[in-house]
Amino acid sequence: MVDGAQEHVVTGADVSASGADAEVLGYQLRSHAKAMRELPEGPLFFGRLEAGRQSLHIGRLRITERPAEPPLVVDWRAPVSRAFYQATARDPQGVSVRRRFGWAPGSRGDSADLTGLEDEHLDRGESRVSDIVAREIERPRVGPMRDIAATIQPEQDDLVRGELAMSVCVQGAPGTGKTAVGLHRAAYLLYTHPQRIRRGGLLILGPNRTFLSYISQVLPALGETGVRQSTLGEEIAGCPVRGVDGERAGVLKHDVRMAEVLRRALYARVGGRGGAVDSLVVPDGSYRWRVSAEELGRIVAGVRGEEPPYGVGRERVRTRVVRRIQEQAERRAGPQSAAWVRRISGARAVGAYVDAVWPRVRPEEVVAALLGEPAVLAAAADGVLDGEEQKALLWAKPPRSWKSARWSAADLVLLDEVAGLIEHPQGYGHVVVDEAQDLSPMECRAIARRAPFGSVTVLGDLAQGTTPWAARSWGTVLRHLGKPDAAVVPLTTGFRVPGAVLALANRLLERLDVEVPEARSLRGDGELRFREAGGDLPGAVVGAVRDALGREGSVGVVAADGDVGRVRAALGAAGIQVGGADELGARVAVVSASVVKGLEYDHVVAVEPAAIVEAEERGLHRLYVVVTRAVAGLEVVHGRPLPW
């Protein structure tokens, strides 16, 4: 197939077609050949179904020697493959035998790497717990996240294969595979609705670049490339972030009330100097066309009442003014040409009036005036924000102009809100939002503007909400995302996190102000240990890491942000080579608690839980995140009393 794709690039160059058509065809053929060459190496199949006389191998993509012939391997997303995940002894769905293939880690699919076979004779009522699936789930985790196409569970499969038009929210406890479900749902939609999705686009939103690096190989492994994976900050980054907000100002800027304040501030500019115009006079050769002040007022009021995007409203005013002039001209001299209409529309008097009554404006101008001028903020926030809140929002030293403003990360959300009021951004066909519990109402609105007609897959865990504005109910998040009717589906069975670790997490869960069900683990293995540091916390951390290195797999050392440097220095002095959160191949990574969300390590050394809790307002939630990053063992190193 790879060779054939490259051959088509060569033969396609000889196709007789117009220049534009030949260029498009060549681009498509080259893109396909490049995607085929870049497919990650690995086993080409992981399962087989026997149904009657038919035998089908199931793999990560469709493999066929010739397109017109039956495939050698069926794509896991094909409708016929669903029985591989859903068939049971009670409901065999026409399957007589389901076979699973076990492969050695890192295998390229050579027959020598086949480690085992498991057959379930569903037609005989046979049902078994798969050792191959269990080994794959529990396999040590080093490097980026792997796909789970071979191990998808029935409840996960139901979510993955949901309809394109369906928006869904997955409340997933730690280790339940919610991120993997979201990514596999994206791959399924690309396979099932390729034209619709590629026309509208598909966006994966993660909380930070470290997380996106961690998941970056999942979709390519499933044969899907070219999907935009980004953070919300990158999507709305129209200006560089050079400023920092105070805590209260940052929280206020993420408050949904700011949407109304910004709308008022923008539309306060409508009317402007136009109210002083008695009438509009437009020269046309020897004639002078006049539109009265009353008629102009009705035009502006009518457009305001329709509530179009600000930029659209400006052009509607121009169009309707020109139409009134055209009506006068046609009553006098008959129908006017399109060229005449364009000339009047571009007349200096018409342009000057539109600029006066509905001026051009940039988002930066609106937000800078709002945050820099007390009178502007007071008028826009009247009845919405109280005096103390307005005072907290105002810049201490306003810049000379919006061009020299030092924007904060929260300001970007405000700028995006105003930009969306001026002109609606281009939407995506589907958006997958991970770690959605940490989104503010204003951030949700920014995402909603990018999926006004598309669907969304929302992934998160309310118990892991760590921002000051973190959600306490999914209903609120979905309402701000513009998808209030989306179904909320809980995943409570942990496949990756051991039972002992989840038991500790459930103890913490009782102290968190969220209503989510406790998680249960399918795994009875795993270790949970506690190490008292006495007066030597760095030494105790070094000892815990040495013990973890005696076991197979990755080691994540997680500490409060202020302790990371000290921990890293202690490990370096002990001769232990360490990497950071973004070094996915490192055996030992030292990670701050603030960026560990979404990552996994076989062994986690949690350093001084009391310091992690004290570092921020929602510190207990942060600690809940930290302890649930372990997929084999957790060791808690502490010199102070434990906060549970």
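For the single chain, residues carry numbers from 1 onward in sequence order. Keep in mind the model is a prediction, meaning the values are calculated, not measured.
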J.: Using modelled atom types and a 3.5 Å cut-off, is there a donor and acceptor pairing between side-chain atoms of Thr192 and backbone atoms of Leu189?
T.: no
J.: Minimum heavy-atom separation for Pro425 and Gly420, please, with both atom names.
T.: CD-CA, 4.4 Å
J.: Within a strict 4.5 Å, meaning less than it, do heavy atoms of the Tyr85 and Gln156 side chains meet?
T.: no
J.: Enumerate the salt bridge (charged side-chain N to carboxylate O under 4.0 Å, His left out) contacts for residues 308-322, please, sequence neighbours excluded, ordered by first and then second residue.
T.: Glu306-Arg316, Glu306-Arg320, Arg314-Asp355, Glu315-Arg318
J.: Within the supplied structure, the quantity of interest is the number of heavy atoms (other residues, nucleotides, ligands) at a distance under 6.0 Å from His424 NE2; does it exceed 12?
T.: no
J.: Would you say Glu260 has more than 12 foreign heavy atoms packed within less than 6.0 Å of its CD?
T.: yes
J.: In chain order, what residues pass the side chain to side chain contact (heavy atoms under 4.5 Å, CB included) check against Thr151, with sequence neighbours excluded?
T.: Val133, Glu136, Ile137, Ile148
J.: Let me confirm one number: the CD-CD distance from Gln86 to Gln153, rounded to the nearest 0.5 Å.
T.: 10.0 Å
J.: State whether the side chain of Ser216 and the backbone N or O of Ser213 hold a donor-acceptor pair below 3.5 Å, judged by distance alone.
T.: yes
J.: Is a donor on one side and an acceptor on the other found under 3.5 Å between the side chain of Thr467 and the backbone of Asp438?
T.: yes
J.: Would Glu389 and Arg257 pass as an ion pair if we require N to O under 4.0 Å?
T.: yes
J.: Should Tyr310 and Pro359 count as side-chain neighbours, where that means a heavy-atom distance under 4.5 Å?
T.: yes
J.: Does a donor on one side chain sit under 3.5 Å from an acceptor on the other, for Thr476 and Ser473?
T.: yes
J.: Kindly say whether the aromatic ring centers of Trp402 and Trp395 come within a distance under 6.0 Å.
T.: no
J.: Gln171 side chain to Leu462 main-chain N or O, any donor-acceptor pair under 3.5 Å?
T.: yes
J.: Tell me whether the rings of Trp469 and His254 are parallel (<30°), tilted (30 to 60°) or perpendicular (>60°).
T.: parallel
J.: Kindly give the heavy-atom pair with the smallest separation between Ala249 and Ala392, and that separation in Å.
T.: CB-O, 3.5 Å
J.: Arg304: what forms a side chain to side chain donor-acceptor pair (under 3.5 Å) with it, not counting sequence neighbours?
T.: none
J.: How far apart are the C-alpha atoms of Cys169 and Leu478, what are their side-chain angles, what is the distance that settles it, and do they pass the side-chain contact (heavy atoms from CB on, under 4.5 Å) test?
T.: CA-CA 8 Å; Cys169 173; Leu478 294 172; 4.1 Å; yes
J.: For a ring pair (Phe, Tyr, Trp, His ring centres under 6.0 Å) check, start with the C-alpha distance between Trp76 and Tyr188, then their side-chain angles and the critical distance, and finish with the verdict.
T.: CA-CA 9 Å; Trp76 66 276; Tyr188 174 79; 7.2 Å; no
J.: Begin from the C-alpha positions of Val357 and Leu296 and carry the test side-chain contact (heavy atoms from CB on, under 4.5 Å) through to its verdict.
T.: CA-CA 10 Å; Val357 75; Leu296 292 172; over 6 Å; no
J.: Is it the case that the side chain of Ser31 and the backbone of Tyr27 share a donor-acceptor pair, with hydrogens and angles ignored and the cut-off at 3.5 Å?
T.: yes
J.: Measuring from Asp245:CG to Leu371:CG, what's the distance to the nearest 0.5 Å?
T.: 8.5 Å
J.: Just verifying a value: how many Å separate Leu512 CG and Tyr624 OH, rounded to the nearest 0.5 Å?
T.: 7.5 Å
J.: Answer yes or no: is there an ion pair linking Glu364 with Arg362, defined by an N-O contact shorter than 4.0 Å?
T.: yes
J.: Should Pro79 and Arg161 count as side-chain neighbours, where that means a heavy-atom distance under 4.5 Å?
T.: no
J.: Any side-chain to backbone donor/acceptor pair from Asp255 onto Leu252? Under 3.5 Å, distance only.
T.: no
J.: Would you indicate whether Glu163, at its atom CD, is surrounded by more than 12 heavy atoms from other residues, nucleotides or ligands within a distance under 6.0 Å?
T.: no
J.: Which pairs pass salt bridge (charged side-chain N to carboxylate O under 4.0 Å, His left out) with one or both residues in residues 372-386, sequence neighbours excluded?
T.: none
J.: Can you tell me if Gln464 uses its side chain to pair, donor with acceptor, with the backbone of Val625 under 3.5 Å?
T.: no
J.: Under 3.5 Å, is there a donor-acceptor pair linking the side chains of Asn208 and Glu435?
T.: no
J.: I want to check something: taking the side chain as every heavy atom from C-beta on, are Glu388 and Arg248 in contact at a cut-off of under 4.5 Å?
T.: yes
J.: Just so I know, are the side chains of Cys444 and Leu481 near enough to count as touching, which here means a heavy-atom distance under 4.5 Å?
T.: yes
J.: Do you see a donor-acceptor pair shorter than 3.5 Å between the side chains of Arg185 and Thr457?
T.: yes
J.: Please check if the side chain of Ser167 supplies one atom and the backbone of Val456 the other of a donor-acceptor pair under 3.5 Å.
T.: yes
J.: Which pairs, with at least one residue in residues 202-213 and sequence neighbours excluded, count as a salt bridge (charged side-chain N to carboxylate O under 4.0 Å, His left out)?
T.: Arg209-Glu234
J.: Just so I know, are the side chains of Leu459 and Val432 near enough to count as touching, which here means a heavy-atom distance under 4.5 Å?
T.: yes
J.: Quick one, His193 with Leu202, criterion side-chain contact (heavy atoms from CB on, under 4.5 Å). Give me CA distance, side-chain angles, the key distance, then yes/no.
T.: CA-CA 11 Å; His193 307 281; Leu202 193 148; over 6 Å; no
J.: Give the C-alpha distance, both sets of side-chain angles, the deciding distance and a yes or no for side-chain contact (heavy atoms from CB on, under 4.5 Å) between Leu415 and Leu412.
T.: CA-CA 5 Å; Leu415 292 170; Leu412 298 187; 4.1 Å; yes
J.: Are side-chain heavy atoms of Leu414 and Leu262 found at a separation under 4.5 Å?
T.: yes
J.: So do Ile215 and Pro144 actually touch side chain to side chain, heavy atoms under 4.5 Å?
T.: no
J.: Do Arg60 and Asp147 sit within salt-bridge range, that is, some charged N less than 4.0 Å from a carboxylate O?
T.: yes
J.: Is a side-chain donor or acceptor of Arg618 paired with a backbone partner of Gly465 at a separation under 3.5 angstrom?
T.: yes
J.: Is it true that Arg228 and Glu235 have a side-chain N and a carboxylate O under 4.0 angstrom from each other?
T.: yes
J.: State whether Arg449 and Asp416 are salt-bridged, where the test is any N-O pair (Lys NZ or Arg NE/NH1/NH2 against Asp/Glu carboxylate O) under 4.0 Å.
T.: yes
J.: Without swapping roles, check the side chain of Arg264 against the backbone of Ala380 for a donor-acceptor pair under 3.5 Å.
T.: yes
J.: Drop me the distance from Thr628's OG1 to Glu600's CD, to the nearest 0.5 angstrom.
T.: 9.0 Å
J.: Are there more than 12 heavy atoms of other residues, nucleotides or ligands under 6.0 Å from atom CZ of Arg360?
T.: no
J.: Find the distance between CG (Leu159) and CE (Met166) and round it off to the nearest 0.5 Å.
T.: 7.0 Å
J.: About how many Å separate CZ of Arg323 and CD1 of Ile325, when rounded to the nearest 0.5 Å?
T.: 12.5 Å
J.: Can you give me the closest heavy-atom contact between Ser345 and Val322, atom names plus distance?
T.: CA-CG2, 3.6 Å
J.: Do Lys178 and Asp461 sit within salt-bridge range, that is, some charged N less than 4.0 Å from a carboxylate O?
T.: no
J.: Is there any salt bridge (charged side-chain N to carboxylate O under 4.0 Å, His left out) pair reaching into residues 191-208, and which pairs are they, with sequence neighbours excluded?
T.: Arg198-Glu224
J.: Among side-chain atoms of His621 and Thr466, is any donor-acceptor pair under 3.5 angstrom?
T.: no
J.: Is the CD atom of Glu307 crowded by more than 12 outside heavy atoms at less than 6.0 Å?
T.: no
